[in-house]
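No experiment lies behind these values; they were computed from the predicted model shown. As a basis for the values below, the full set of heavy atoms in this structure was taken, side chains included, without hydrogen atoms, waters or symmetry mates. Within every chain, numbering begins at 1; the chains are lettered A, B, ... in the order of the sequence lines, protein sequences first and strands thereafter.
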2 protein chains.
Amino acid sequence: MPTKIEDVARRAGVSTATVSRVLSGKPYVSDELRQRVLGAVNTLNYRPSRVARSLRVQRSSIIGLIVSDIQNPFFTAVVRAIEDTAYQNKFSVFLCNSDEDVGKETMYLDLMLAEHVAGVIISPTAGMNDAYRRLVEERVPAVAIDRRITNVAIDSVLVDNVGAARQLVTHLIEQGHSRIGAVLGTPASSTGEERLRGYLDALHAHGLPVEQDLIRTGMPRILEGHAMMRELLQLPKPPTAVFTGNALLTIGALRAIHSSGLRFPDDIAMAAFDEMDWMFFVKPALTVVAQPTYDLGRLAVELLLKRMDEPDRPIEEVVLAAHVHYRESSKWRVPNANGANHQKEG
Amino acid sequence: MPTKIEDVARRAGVSTATVSRVLSGKPYVSDELRQRVLGAVNTLNYRPSRVARSLRVQRSSIIGLIVSDIQNPFFTAVVRAIEDTAYQNKFSVFLCNSDEDVGKETMYLDLMLAEHVAGVIISPTAGMNDAYRRLVEERVPAVAIDRRITNVAIDSVLVDNVGAARQLVTHLIEQGHSRIGAVLGTPASSTGEERLRGYLDALHAHGLPVEQDLIRTGMPRILEGHAMMRELLQLPKPPTAVFTGNALLTIGALRAIHSSGLRFPDDIAMAAFDEMDWMFFVKPALTVVAQPTYDLGRLAVELLLKRMDEPDRPIEEVVLAAHVHYRESSKWRVPNANGANHQKEG
DNA sequence: AACAAAATTGTAATCGTTTTCACACTGTCT
DNA sequence: AGACAGTGTGAAAACGATTACAATTTTGTT
């Protein structure tokens, strides 16, 4: 029932080759035939089958996008940017949610290969996965976003996590804290690992001891963030400040703090990763590092397009800076009787 | 370079037909050949081209999903449910973001038709669009979610917006309010229209006058919500309560209220659509109607699957109830000198 | 006018599957 | 022995586009 190129050709009294040429804007078609073809296309309301086209030309105009958590506002912002940029370049996006599950991620990557997507953008769930290797073996253009792939070298656009975390924690230290809790994503992902490293860097630089009890890692989700924060608060000697490593963990931690009736910065100081829409409502205002979500997404697409054009260009790794917003939640803290609080000037 | 079915056939010493039969679990293949084929598939690491398959069988195992705003947490929750359910049924999801733009929506629908998706789930930007008609003309299984399509009859899964809005506004009235502002999405979408209708119903039922000045509609986004709420607050005689019609509008309205230094429920009462992750933090707690997001998504996929099996079954329209959480933001209000406040018992 | 080069057009092969059809080989039942 | 119903297998025809190649016409150059 769907009209095919042959129907159009018949109606316009030309060959399918000509129709194809007209439709793909190729040269060497007389104006007269072009008009006839266009007319036929119009009256028949013909839309070429992308499937057939993909089969023939061995690539599609679809960008496969795999994010690790579609409910994380950080990723939806990035998705938004990717979608916009892809759209501007006549590509469309095939989005999947790996849900931080390596099995699901592998399955979706396989699907995309089988589907002959033009390229893949992925926020990897783990540093390595054989499926990533297959990607480069089959020479499918691919870009990693947000997290690093250690398995194999591919283009990536990342954020300076170490630097941002170090800044945030340094700031807490300068505000007089020495026992700083960390609620982080699993170190299996580069973001988790790097944000932890930034935290440790800051402690070391100020000669502060590292207390393993104060460092919690887990799946970067609200529930886990809540649990980790509660554990920290139930410690015999709880931290006087906390650093949270992602939007969802921050929500969870806020919930835990909130339900124990504590308030920052006086009961506990806080500095978090990721700015969110509704944060204006958190009082006192939360010190956060805002990640360049839109640029991240835009650059990922641009890198992907570049690699499609030049498959053999050298691997490129873009690292974006994040911007810290210093606000009240981490303000100078009056030392209280609560614990040993090595006061430093800020 | 990618291995094709022919390579497998050659290596196993059989015909491509046999390979295909083995791979799709068809009967009439001897155990011996089956083993040989499976072995060859394994050593060659063969993955059949979905594109070729789609072309041949004239359908894919992809569900196309078009949402009107990927940054709206209501939709991401629904997307999550759709993804999960699709995955369980061996379908994968091709997600696009129409961004409340009819042009973009049309373009994506066309793309999906051209891509021969197995079915389409869509949250329509407007009540009618010729592209919807094409969907049924070409007999592509389709389900509308959240919003109604008036153009043409298709399966849909909706929420009882009129009822939920009526409940919310009735509650405000019972708490003593008679001048209730409304910050709603554009009435071009059924959600906007129905939530407005619920609001009006409640007013009429209590014999309260409708003041056009108190009713604001616009794009359901944060910016617009903020602007509409600010306009309401700047009215010579501002409302004593406000009803917001969607998650993003609620955030915008909250921001406007927050920045004018007002507090609910005393300065202004509030009741909103959509529960969000972080709302525990809003104090006093916000009265909201929680939509059944997960069920919405799950049912959409189930309806779609049913229609794939039985293309001629009667159109089904599922309407889900939403659940109101009564909290402090709308509590009984001490009448003040501010305006004519027809007191009713609550 | 003669010839080369460029512009138009069509024929048919191709992309990688699935599936129809034909054929061959079993048994089983008259 | 012949007919018949399964089984098991492969050859080849789809599916709907693109494009290499060839054939033809037009244009440009001497």
Can you tell which of [options] lies closest to the side chain of [X]?
{"X": "A/Tyr46", "options": "D/dA17, C/dG10, D/dG10", "value": "D/dA17"}
{"X": "B/Leu55", "options": "D/dA11, D/dG16, C/dC15", "value": "D/dG16"}
{"X": "B/Val57", "options": "C/dT18, D/dA17, D/dG8", "value": "C/dT18"}
{"X": "A/Ala17", "options": "C/dT9, D/dA11, C/dT11", "value": "C/dT11"}
{"X": "A/Ser20", "options": "D/dG8, D/dT19, D/dG10", "value": "D/dT19"}

Review point. Which angle, to the nearest 10 degrees, lies between the helix axes at the two ends of the helix from C/dA1-D/dT30 to C/dT30-D/dA1, each defined by five pairs?
Key: 50°
Point to revise | Residues in ring-ring contact (aromatic ring centres under 6.0 Å, His included) contact with A/Phe94, at least two apart in sequence or another chain | key: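 Checked A/Phe94 against ring-ring contact (aromatic ring centres under 6.0 Å, His included); matches are B/Phe94.
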Review point. Once you round it to whole Å, what is the distance between P of C/dT18 and NZ of B/Lys26?
Key: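 Nearest whole value for this atom pair: 8 Å.
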Review point. When the distance from NZ of B/Lys4 to P of C/dT18 is rounded to whole Å, what number comes out?
Key: 14 Å
Exercise for review: Using the closest heavy atom to pick a nucleotide of DNA chain D for each, name whichever of B/Gln58 or B/Ser30 lands nearer the 5' end.
Suggested key: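 Its nearest nucleotide lies further toward 5', so the answer is B/Ser30.
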Exercise for review: Show your working on side-chain hydrogen bond (donor to acceptor under 3.5 Å, both in side chains) between A/Thr106 and A/Asn129 and close with a plain yes or no.
Suggested key: CA-CA 8 Å; A/Thr106 307; A/Asn129 181 339; 3.2 Å; yes
Practice item. Remember a base hit wins even if backbone is also touched, and classify A/Val51 as base, sugar-phosphate or nothing at under 4.0 Å, heavy atoms. Key: nothing
Practice item. Can you sort out the partners of A/Glu32 under side chain to side chain contact (heavy atoms under 4.5 Å, CB included), two or more places apart, ordered by chain and number? Key: A/Ser30, A/Arg36
Practice item. On DNA chain C, check which nucleotide each of A/Asp31 and A/Thr16 is closest to and give me the residue with the more 5' one. Key: A/Asp31
**Study point:** Main-chain N/O of B/Ile62 paired to B/Ser92 side chain as donor or acceptor, under 3.5 Å
**Key:**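 Not at all, since once roles are kept as given, no pair shorter than 3.5 Å links the two residues.
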Is there a donor on the side chain of [X] or the base of [N] sitting less than 3.5 Å from an acceptor on the other?
{"X": "B/Arg53", "N": "C/dT18", "answer": "no"}
{"X": "A/Arg21", "N": "C/dG10", "answer": "yes"}
{"X": "B/Arg56", "N": "C/dT18", "answer": "yes"}

Check your understanding: Does B/Lys104 count as lying over the ring of A/Tyr87, i.e. NZ or CZ under 6.0 Å from the six-ring centre, within 45 degrees of the axis?
Key ->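 Yes, B/Lys104 sits over the ring of A/Tyr87.
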